[in-house]
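Residues: numbered from 1 along the sequence shown.
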Amino acid sequence: MLLKVTDLDISYGSKATVTGANIELKKGEILSIVGESGSGKTTVIRAIMGCLPGNGHVSGGNIIFDGRNLLDNTPQQWREMCGTEISMIFQDSGNMINPIRRIGEQFIDYILTHAPQISRREAYDLAIKMLDDVRMPNPDNVMRSYPFELSGGMRQRVGIALAMTFSPKLLLADEPTSALDVTTQAQIIRQIVDVRDEYNAAVIIVTHNLGVASYMSNKIVVMQNGMVVESGLREEIIGDPQHEYTKELLAAVPVVGGKRIMPENVKLHPHENCNCDRDGVALPPEIVLEVKNLTKKFQVDGGKVLTACDKVNLNAYKGQTLGIIGESGCGKSTLVRTILQIHPATEGEVIFEGQNILKLEGEALRQNRRKIQMVFQDPTAAFNPKMLVKDILCEPLLNFGLLKNSEVDAKAAELLQMVELPVEFKDRFAHSMSGGQRQRVGIARALSLEPQIIVCDEATSALDVSVQEKICELLVRLQREKDITYLFICHDIGLVDLMSHQVAVMYLGNVVELLEKGRLSVNGVHPYTKALIKSIFKVDFKPGEKIQPLEGDIPSPLALPLGCPFQSRCEYCQEICRSEKPQLQEIKKGHFAACHFVK
């Protein structure tokens with residue numbers, strides 16, 4: 001037994017956070033800890049690593065690692081052990097790396113700190129080897145790069161390479177894929193499994209993605225409110241869960257091709273019941289937003305041009321959801337920010353209410369913002385931390401002169417009730433609320449101006465599955481009651497499949513597939529769409545079944561390839577793909593694809 005945690009109690013100050021946790025792990029095993037945010041998952045692995053925050057301390061129990069009780073370690077022993085015998089991959093490795101120093105300088109310093117007896121040249125060679133081991137393209141170039149010059153997936157690979165440098169016996173991974181798209185997530189998980197196989201290391205991974213836990217784990221521990229409520233072999237927890245909370249978590253996982261999200265007891269907007277002519281014949285949906293040949297290019301150093309969106313054409317329909325998916329860097333967020341005129345468009349039109357809103361200026365532009373609002377990925381970053389919730393909610397109304405100061409309390413209460421939060425939350429600060437509660441406040445603020453369109457930019461990506469399910473049910477209920485149109489950006493393909501009426505798939509600034517009806521999981525035909533679906537981690541993996549991640553990174557938008565943008569990663573690529581760019585063409589009614597070989 002490599003690790004045995006018994007009756008572990010952890011407190012912050014006088015407040016008990018984890019109570020009676022028990023974990024056992026052998027060499028070469030992978031154990032996943034799952035549960036909602038705040039359940040104590042990260043606290044447990046930080047205690048094992050000896051890096052609890054200043055007011056955190058172990059108040060009871062034992063942590064036996066390789067025959068030693070880690071709670072007896074001196075500070076010097078912790079320094080010698082961390083990074084060599086026990087290592088950690090953090091949620092965002094980019095935040096753990098100095099942003100103003102090159103990757104190579106930091107990697108070499110890390111190696112020399114733990115192995116001062118070797119030369120700087122030997123440290124450089126070891127760093128190159130570790131980057132190569134995690135399949136980092138062009139390791140020499142990465143060593144010369146600054147962190148901001150690397151993609152999220154590449155920074156995470158640097159974190160894995162650093163953690164595995166000294167072949168630790170135990171690797172701890174704290175949500176290492178939570179902010180990554182499906183293909184990058186699949187690559188990172190495969191990297192972790194590969195290093196386990198190569199070094200026979202034991203791994204503990206904290207994740208709210210039960211598909212990841214199901215795919216890679218030998219054992220799973222389920223935590224709720226600081227307690228382990230269920231633990232066992234992967235087959236037992238996934239196939240035959242005993243605790244009600246485990247069953248709820250599994251039921252909340254979005255399943256590609258599953259039943260669409262449909263909350264109960266919804267009061268339908270009149271539009272939902274009357275979208276027919278006088279003879280009862282269904283009318284085509286009303287176009288509320290029309291994007292025509294929208295292009296956005298950024299000027300960068302050296303006179304180069306970065307093409308973020310390239311002649312995008314889309315329609316969004318009244319009371320429906322347009323899902324937009326694709327890997328990080330494909331242009332999803334830039335597209336909606338250009339529609340909102342946060343970024344000025346280079347070319348194209350956005351038609352809303354019969355006019356090209358890209359030509360609006362001054363007061364006309366300001367008034368148009370009332371009609372298209374946004375829910376951000378991180379509500380904490382979008383809120384003023386010094387403002388009470390009622391002020392956050394009512395600030396847009398006050399700015400447009402639609403509310404008096406004396407009416408703030410009543411309006412805030414109304415908005416909180418709309419998103420199913422207690423009225424008394426209006427007098428709280430946002431930091432005192434959970435992630436799901438803050439996201440509800442973000443939705444309420446977006447609704448305050450009664451917009452026709454709401455843009456959800458990765459609005460659920462940082463939430464665990466049970467909270468995510470509740471937020472999505474809320475969004476659907478509000479849509480059906482108020483006839484709102486959503487532009488729903490998300491890297492969770494299963495969730496997009498359940499939420500959306502239409503789906504656009506983007507790659508390197510281009511829409512490569514567009515389904516105006518039908519399900520992406522069933523009807524997707526573009527090679528890129530199929531590759532995304534193959535990269536999904538599902539809960540019901542069969543023993544021995546392997547994920548099929550899309551290999552390679554997206555080419556640089558500074559040098560768009562001639563021909564098909566997907567050619568360098570497509571297994572079906574032929575000469576015509578390298579010389580002629582395929583156009584988005586209708587292959588059947590309401591279904592468009594940009595591929596030479598899809599008819």
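- In this structure, CZ in F488 is found 6.5 Å from CG in L475, a value given to the nearest 0.5 Å.
- The nearest pair of heavy atoms linking I118 to L112 is O-CD2, 3.5 Å.
- With a 4.5 Å cut-off on side-chain heavy atoms, M96 and L162 do not count as touching.
- For the atom pair CG of N138 and CG of D140, the computed distance is 6.5 Å after rounding to the nearest 0.5 Å.
- Using a 4.0 Å cut-off between charged side-chain N and carboxylate O, R120 and D125 make no salt bridge.
- The shortest side-chain heavy-atom distance between K332 and H491 does not fall under the 4.5 Å cut-off.
- The aromatic rings of Y507 and F566 stand perpendicular to each other, their planes meeting at an angle above 60°, with 30° marking the opposite boundary.
- Residue pairs satisfying the side chain to side chain donor-acceptor pair (under 3.5 Å) criterion with at least one member in residues 40-53, sequence neighbours excluded, are listed as follows: Y12-T43, T42-D174.
- For R79 and Q76, the side-chain atoms include at least one donor-acceptor pair closer than 3.5 Å.
- Around atom NZ of K4, no more than 12 heavy atoms belonging to other residues, nucleotides or ligands sit under 6.0 Å away.
- The CD1 atom of I45 sits 10.5 Å away from atom CG of L52, with the distance rounded to the nearest 0.5 Å.
- Put simply, the side chain of Q156 gets close to the backbone of P176: a donor and an acceptor are under 3.5 Å apart.
- The two residues I160 and V134 come nearest to each other via the heavy atoms CG2-CG1, 3.9 Å.
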- Message: Quick one, K129 with D133, criterion salt bridge (Lys or Arg N to Asp or Glu O under 4.0 Å). Give me CA distance, side-chain angles, the key distance, then yes/no.
- Response: CA-CA 6 Å; K129 176 187 179 298; D133 283 352; 2.8 Å; yes

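- Proximity of I237 to V34: side-chain heavy atoms (C-beta onward) are nowhere separated by under 4.5 Å.
- The environment of M1 atom CE is dense: over 12 non-hydrogen atoms of other residues, nucleotides or ligands sit within 6.0 angstrom.
- Note on ring orientation: taking the six-membered ring where Trp is involved, the planes of Y528 and H526 are perpendicular (angle over 60°, cut-offs 30° and 60°).
- The closest side-chain heavy-atom distance from L171 to R196 is not below 4.5 Å.
- A donor-acceptor pair is defined here as one N or O able to donate and one able to accept, closer than 3.5 Å; such a pair exists between the side chain of S87 and the backbone of A163.
- The shortest distance between side-chain heavy atoms of L249 and V465 falls below 4.5 Å.
- Judged by distance alone, the side chain of Q187 and the main-chain N or O of L550 form a donor-acceptor pair under 3.5 Å.
- With hydrogens and angles ignored, the 3.5 Å screen pairs a side-chain donor or acceptor of S214 with a backbone N or O of V539.
- Judged by distance alone, with hydrogens and angles left aside, the side-chain atoms of K169 form no donor-acceptor pair with the main-chain N or O of I86 at under 3.5 Å.
- Ring orientation note: the planes of F429 and H431 are close to parallel, at an angle under 30° on the 30°/60° scale.
- Nearest heavy-atom pair across P147 and N98 is CG-O, 3.5 Å.
- Not a single donor-acceptor pair under 3.5 Å links the side chain of E327 to the backbone N or O of L532.
- Residues I89 and I188 are not in side-chain contact: their nearest non-hydrogen atoms beyond the backbone lie 4.5 Å or more apart.
- The two residues I489 and D457 have their closest heavy-atom pair at CG2-OD1, 3.7 Å.
- Rounded to the nearest 0.5 angstrom, R438 CZ and M433 CE are separated by 8.0 Å.
- Taking CG of L508 as the reference point, atom OG1 of T307 lies at 8.5 Å (rounded to 0.5 Å).
- The pair E571-K530 does not meet the salt-bridge criterion, since no charged nitrogen lies less than 4.0 angstrom from a carboxylate oxygen.
- Annotation: side chain of H343 is in contact with side chain of T334 (closest heavy-atom distance under 4.5 Å).
- At least one side-chain heavy atom of M506 sits less than 4.5 Å from a side-chain heavy atom of V511.
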